[in-house]
Structures are given as C-alpha cells and as structure tokens.
Amino acid sequence: MKREKFSSRLGFVLISAGCAIGLGNVWRFPYITGQYGGAAFVIIYLIFLAILGLPIMTMEFSVGRASQKSAAKSFEVLEPAGTKWHWTKLIPLIGNYMLMMYYTTVGGWTLAYFWKMASGSMAHMDTAQVGNAFSELLADPAQQVGWMLAVTVIGFLICSRGLKGGVERISKYMMGLLFIILIVLVIHSFFLDGAKEGLSFYLIPDFKTALENYSLGEILFAALGQSFFTLSLGIGALAIFGSYIDKQHSLVSESLNVVILDTTVAFLSGLVIFPACFTYNVDAGSGPSLIFVTLPQTFSEMAGGRLWGALFFMFLAFAALTTVIAVFENIIAFAMDFGWPRKKAVLVNIIAIMILSLPCALGFNVLSGFQPFGAGSTVQDLEDFILSNTLLPLGSLLYLLFCTSRYAWGWDNYYKEVNSGKGLKLPKWTKGYLTYILPLIIIFILIQGFIEKLGFPANYLLPALCLIYPLYLLVQARIVYRKSRGQR
C-alpha cells in the first residue's frame, strides 16, 4: 500500500501543532503561569521546553520518517535484528486509545457549551444557574454520551476522507479559524475594565510572591511538567506525521515550528482569560472549573456575552477537535499498517472508540460510585493518571533510548535522519546530554508523578533516583565498553 503524503509543509506543521494544542493550553498554562510567578515562570518554561520537549519531539518525527510507518510498525522496521524493541509499540497503541477514551468526553463538553452559548440557552441564567449548568451536564448520562458520540463521529468522518482530502484540509481550516477567533478574543479582552491588572498579573515577573507560596523546586518542577505534558510526547501521536513528510526540511526546524505554534496558543489564551478574571473578580486558579463554570458566569454579565461566549467555546471546540482528528488518524494508521484499508479501519475503530469512551462519559453519573483515588475522583482521573503519569513519560524514555542506544536504532541513524534537509541542525555535542542527562529528567518526572498522585512521601524521590539512575549509567557504560572492545 503506497504511503500517503501531506500536500504541503504547512499541512504537516498545522496538523502536528493541532495534535499538541488542546484544553491544557487554554486553562492550565495560564493558571500555573500566574500561580508560579508570571513572566518569570514563562522564561523557565520555555527553557525546559527547548531542552526537554523539543528533543523528544524530533525523535518521534525521526522514527516516523525513517520507518515510513506508524508507531505500530516503526520499531519493527528500524530495530536491529534479534532485538525486542518492537514490544515498545504497546505503549503508543495503548496510549492513543487511552487518550481518546476520555478526550472524546471532554471534547463533547466544548461542543455542548458552544451550542448553549450560540443558541442563547444560557443567556438568561443568573450566576447560580450558570454554575449549576456544568454539574447538570455531567449528571445527565444522555447528554454525556450524546456529545461524546458527536465528537467521535465528526472526527472519524473527517479521517474517512483520507489524509489530504480530510485530515489535512479540515485541520487547516480549523487551525486557521482557531487563530482568527483567538486574536479577536485577545483584542476584546484588552478593552475590558480589568485588562491592566490582569495583564500585569500575567506578564510581570513576581518571584517574591511566588516564593512566598512555593519553593524554588516546586516552581521548577511545575515548569518542567508543563513543558513535558503540553506536547503529549511518548505515545507516538506525532510519529505518524513524520511518516507523511519528505526529507526537504530538517526535523529540528519542523519540531521548532510545532513547539512555537503550541506555545503561542497557550500564551494567547492567557491574554484572553486573565483580563476577564480581573474584570469580573474571578479566581484565575479555579482549575478545570475556570473554563466550564467560572468563565461562562463572566460571559453572562458581559455586554454581548452571548457572542463572546460562543466565539470562545468555538475556539475551544476547534482546539479539542484538532487533537481528536490527529489522534484518530494515528489510530487509523495503526490498522492500515497491518494491511487494513482506510474504510475498514474507520468503521472498526469508530465502534471501538464509542465503546471504550463510555466508562468516562458515564463516570460522572451512572458510574460515579467508582472513585479510584478516593472521594470525588472519577474514571477520568484514573484514565488520565495511566496516560499522563505513566505512559507519556515511560514512552518518552523508550523513544529516547531507542534513538541513542547502540543496541537499538542508535545515535548515528537518528542523527542522520533528524538533520536531513534544510534548516536547523542538531549539534553533535547534544549526544552526551540526550544519552545521560535527559533520561534522568524523565525518570524524575515519572517518579514524581506517582508520588504526587498516589500520596507517597516526597522524600522517596531522591532515594528512588539514587537506585534507578546508577543502574542506567551502568548499562550505558557496559555498552560503551563492549563497543570499545569490538573496535580493537
């Protein structure tokens, strides 16, 4: 079966960015930016994005482009004979399905709120009624399942039309409209009464206040975690798009373009949210409820709130749908790499995703008694923990080892692939950093994620690193020793 290709470089960049851009860009980045020191946090975050997120993204793209396969087959194509690296594909296979098991439900919320705002059904609600609307949505199994099914059908319908005619074409329109709507919302926010205070809070560094509430280590880890999870690295969601592009441009340049677009959306979202929060005396740190409870309350009080609310949730729906479409394309590619035609892959997977998404959609009502992490937790919390705290860091670590280890695809092959084409090149001196330092950072994130979620004492982290990292260095040293003996 001939490999499909993007019709343009722009299509590749926009779809890859669309895969990374999601709800985390809209509420989490602005929230933790203000919480941990404003502009000072942004600087730290960008540094971590460059030294952590960017290299791993180049590895996913490199493995995809070199193999011309999705993550379901790429390791088998590139691994040395007799090795077992193909077992790594289990993480991308599970990870992409796991992401869609709850992201389709969350995407459904954005469609529901767009409809509520555009139809005017929330226009005459008072503050208490607007606040209760989200709880009522979660408690209604029919609405939850209905909106989840709508997102699933829309996503697979677009993917069924092929890479160029469906995924690339529609994603270009969606990403274009996303940025237009976002710019309009930013301009509108600048004219709100609380714009000056909101922008000062968001953009002016305030280390003193941040350090009064959090230690420097907590601030650094928050920036580290955001830079890692914002791009959804480690489950091969981006690798598939590497297989759809040619070698005209280096993958460092391509990855940098995606990172810049992802960060731009996150940053601009803060310019929309904080002026509104300060204008209407809203707590900017109210987490997920900021989007579906607090901001709708501000729209109900705002002049022209129906229009601005509809535009905001249209923007949010596009952000969610671009991610859904990109991951659905990845899932379809898994099946196609095993010989299935696109139509069969779509039909089977649309049914599979609908069924697999039911536990999350029903987890807030019918299955609300299942509370895996204690009172108030849901099926969604469990699925997000499996993905975000386990599969993403573990998958990233395996991609990293696959591209640097002599007993895998290896540094030489990765270095050649990532630098093929015009544009920025990966310096040779990064080999030591990618081989010895970056794995330590990812192991740190993996362990810290378990400590935070499961409530282990934080002082377990250092002993765990002291046990795991020397073992990793020992393996690397043994590889170097064997290589040196083989060259004699």
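The analysis underlying the following values was restricted to heavy atoms, covering all of them including side chains, and did not include hydrogens, waters or symmetry mates.
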Enquirer: Using a 4.5 Å cut-off on heavy atoms from C-beta on, say whether the side chain of M59 contacts that of L400.
Expert: yes
Enquirer: Can you tell me if T104 and S357 form a side-chain donor-acceptor pair at under 3.5 Å?
Expert: yes
Enquirer: Considering only heavy atoms from C-beta outward, does the side chain of Y102 approach that of L99 to under 4.5 Å?
Expert: yes
Enquirer: Donor-acceptor pair, S121 side chain versus K116 backbone, under 3.5 Å?
Expert: yes
Enquirer: Is there a side-chain contact between N257 and R9 in this structure, where contact means two heavy atoms from C-beta onward sitting under 4.5 Å apart?
Expert: yes
Enquirer: Kindly assign one of parallel, tilted or perpendicular to the pair F313 and Y113, based on the angle between their ring planes and the thresholds 30° and 60°.
Expert: tilted
Enquirer: Is there a side-chain contact between F318 and F179, using heavy atoms and a 4.5 Å cut-off?
Expert: no
Enquirer: Among side-chain atoms of D262 and N25, is any donor-acceptor pair under 3.5 angstrom?
Expert: yes
Enquirer: Would you call the rings of F299 and F312 parallel, tilted or perpendicular if under 30° counts as parallel and over 60° as perpendicular?
Expert: tilted
Enquirer: Can you tell me if R65 uses its side chain to pair, donor with acceptor, with the backbone of I245 under 3.5 Å?
Expert: no
Enquirer: So, taking the atom named CG in L398 and the one named CG in L394, what distance separates them when rounded to the nearest 0.5 Å?
Expert: 5.0 Å
Enquirer: Measuring from atom CD1 of I21 to atom CG of L182, what distance do you get when rounded to the nearest 0.5 angstrom?
Expert: 9.0 Å
Enquirer: Could you check if a side-chain atom of P275 sits within less than 4.5 angstrom of a side-chain atom of F191, using non-hydrogen atoms only?
Expert: no
Enquirer: According to the salt bridge (Lys or Arg N to Asp or Glu O under 4.0 Å) rule, which pairs have a member within residues 30-55, sequence neighbours left out?
Expert: none
Enquirer: Closest heavy-atom contact between G18 and T322?
Expert: O-OG1, 3.3 Å
Enquirer: As a quick check of understanding, evaluate side-chain contact (heavy atoms from CB on, under 4.5 Å) for I442 and L52, giving each step before the final call.
Expert: CA-CA 9 Å; I442 296 176; L52 174 63; 4.2 Å; yes
Enquirer: Could you state the interatomic distance from CD1 (I441) to CD1 (I51), rounded to the nearest 0.5 Å?
Expert: 5.0 Å
Enquirer: Quick one: are the ring centres of Y414 and Y399 less than 6.0 Å apart?
Expert: no
Enquirer: Mark yes or no for whether K425, through its side chain, and N419, through its backbone, hold a donor-acceptor pair below 3.5 Å.
Expert: yes
Enquirer: Between T430 (side chain) and Y433 (backbone), is there a donor-acceptor pair under 3.5 Å?
Expert: no
Enquirer: With a 3.5 Å distance limit and no angle check, can you tell me whether S396 reaches the backbone of L392 through a side-chain donor-acceptor pair?
Expert: yes
Enquirer: Could you please spell out the steps behind the side-chain contact (heavy atoms from CB on, under 4.5 Å) verdict for T378 and D381?
Expert: CA-CA 5 Å; T378 64; D381 294 314; 3.3 Å; yes
Enquirer: Using modelled atom types and a 3.5 Å cut-off, is there a donor and acceptor pairing between side-chain atoms of T263 and backbone atoms of I260?
Expert: no
Enquirer: For F373 and S377, work out which heavy atoms get closest and say how close.
Expert: N-OG, 2.9 Å
Enquirer: Using 30° and 60° as the class boundaries, would you call the ring planes of F29 and Y45 parallel, tilted or perpendicular?
Expert: tilted
Enquirer: Could you go through I158 and M174, starting from their C-alpha distance and side-chain angles, then the distance that decides it, and tell me whether this counts as side-chain contact (heavy atoms from CB on, under 4.5 Å)?
Expert: CA-CA 12 Å; I158 292 170; M174 280 191 178; 4.2 Å; yes
Enquirer: I'd like to check I183 versus L268 (side-chain heavy atoms, cut-off strictly below 4.5 Å). Are they in contact?
Expert: yes
Enquirer: Hey, what do you get for SG (C360) to CE (M98), rounding to the nearest 0.5 Å?
Expert: 11.0 Å
Enquirer: Do W147 and T105 come close enough that some side-chain heavy atom pair is under 4.5 Å?
Expert: no
Enquirer: So, the side chain of S189 versus the backbone of V272: is there a donor-acceptor pair under 3.5 Å, distance only?
Expert: yes
Enquirer: Look only at the side chain of D140 and the backbone of L137, and say whether a donor-acceptor pair between them is shorter than 3.5 Å.
Expert: no
Enquirer: Indicate whether the side chain of Y244 and that of E329 have a donor and an acceptor atom separated by less than 3.5 Å.
Expert: yes
Enquirer: Mark yes or no for whether T230, through its side chain, and S227, through its backbone, hold a donor-acceptor pair below 3.5 Å.
Expert: no
Enquirer: How long is the span from the CG atom in L238 to the CD atom in E254, to the nearest 0.5 Å?
Expert: 12.5 Å
Enquirer: Could you walk me through whether F267 and Y202 pass ring pair (Phe, Tyr, Trp, His ring centres under 6.0 Å), step by step?
Expert: CA-CA 10 Å; F267 179 75; Y202 184 43; 5.6 Å; yes
Enquirer: Flag yes if more than 12 heavy atoms outside R169 fall under 6.0 Å of its CZ atom; otherwise flag no.
Expert: no
Enquirer: Are V258 and M57 close enough, and set up right, to give a side-chain contact (heavy atoms from CB on, under 4.5 Å), and what steps lead you there?
Expert: CA-CA 9 Å; V258 174; M57 181 180 289; 3.8 Å; yes
Enquirer: Pair S8, K172 - check side chain to side chain donor-acceptor pair (under 3.5 Å), show working.
Expert: CA-CA 11 Å; S8 67; K172 281 182 179 179; 3.1 Å; yes
Enquirer: Measure across I235 and E60 and return the closest heavy-atom pair with its distance rounded to 0.1 Å.
Expert: N-OE2, 3.8 Å
Enquirer: Write down the atom of P92, the atom of A71, and the distance for their closest heavy-atom approach.
Expert: CB-CB, 3.5 Å
Enquirer: If you compare all heavy atoms of T152 against all heavy atoms of F328, which two are closest, and at what distance to 0.1 Å?
Expert: O-CE1, 3.6 Å
Enquirer: Heavy atoms, side chains only, cut-off 4.5 Å: are V252 and L256 in contact?
Expert: no
Enquirer: Taking all non-hydrogen atoms of both residues, which atom of T435 and which atom of P439 are closest, and how far apart?
Expert: O-CG, 3.3 Å
Enquirer: Counting N and O atoms only, with roles assigned by atom type, does the side chain of Y415 sit under 3.5 Å from a partner on the main chain of P427, one being a donor and the other an acceptor?
Expert: no
Enquirer: Do the ring planes of F201 and F278 sit parallel (below 30°), tilted (30 to 60°) or perpendicular (above 60°)?
Expert: tilted
